[in-house]
Amino acid sequence: MSKSDSHSIRKYITARFAVYTLATIGMIIFIGIVIASSLNSLSPQSWSLKAINERLSLPVPQAASNLSIGGRLGRGGFLELSFTSLSSEADHFISQFCDDKVFQGYDPFKGIDVGKPLSYAIPIKLDVYKYYSYSLNTPATTWGNRCLSEPRRDQVQIMIDRSNQQNYVVKLELYFTCELCRNLSNETTH
């Protein structure tokens, strides 16, 4: 084989290698773009005030201030909501949860859950699971509850701070599946 033949073969192999390398890089980039766009379409959407008001029986008061919205829509979704509003509007808003029942001196966000009834614990019933809960050092102006909301049976934690007689602070956590029920169910089967 002559030097020119050897040189031509080397050029041919180098060119083929470059084409295959570029094709492979292009394919990797294409697959990355497809995966990224698929993940973006699967990612949950954030809540908006409009979406919250469509989901709930009673809307968030129009004059609400210090509005904070968290969570996500979709499978495994949840809502974290807090706001300040006139006392009458806040009371009206929370009336849609837990059969309009809140307990004085109880903050479910700081709740300590126990299986036995204690004189200072409130009864909580989530589906077929019943337990008791209390919160330490909670002022008498804090009222709260934890329940399954009808008709969708969402798991709810609601707290209202009534320390300011004109403006109340509402804090709501709403899960669209009963995580606590699922955890209790796992405990009873193991």
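Quick caveat: nothing in here was measured; it's all calculated off a predicted structure. Index from 1, following the sequence.
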Same cluster or not: are [X] and [Y] linked, directly or through other Ile, Leu, Val, Met, Phe, Trp or Tyr residues, by side-chain heavy atoms under 4.5 angstrom apart?
X: Leu73; Y: Leu172; value: yes
X: Ile69; Y: Met159; value: no
X: Tyr134; Y: Ile160; value: no
X: Trp143; Y: Val169; value: no
X: Leu67; Y: Leu58; value: no

Once you round to the nearest 0.5 Å, how far does [atom1] of [X] lie from [atom2] of [Y]?
X: Phe103; Y: Arg146; atom1: CZ; atom2: CZ; answer: 12.0 Å
X: Asp161; Y: Ser82; atom1: CG; atom2: OG; answer: 11.5 Å
X: Arg55; Y: Leu81; atom1: CZ; atom2: CG; answer: 13.5 Å
X: Gln166; Y: Ser87; atom1: CD; atom2: OG; answer: 8.0 Å

**Message:** Please find the pair of heavy atoms, one from Ala121 and one from Tyr132, that lie closest to each other, and give the distance.
**Reply:** CB-CB, 3.8 Å
**Request:** For the residue pair Phe93 and Phe83, categorise the inter-ring angle as parallel (less than 30°), tilted (30 to 60°) or perpendicular (more than 60°).
**Result:** perpendicular
**Message:** Between Asp91 and Arg162, does any NZ, NE, NH1 or NH2 come within less than 4.0 Å of an OD or OE carboxylate oxygen?
**Reply:** yes
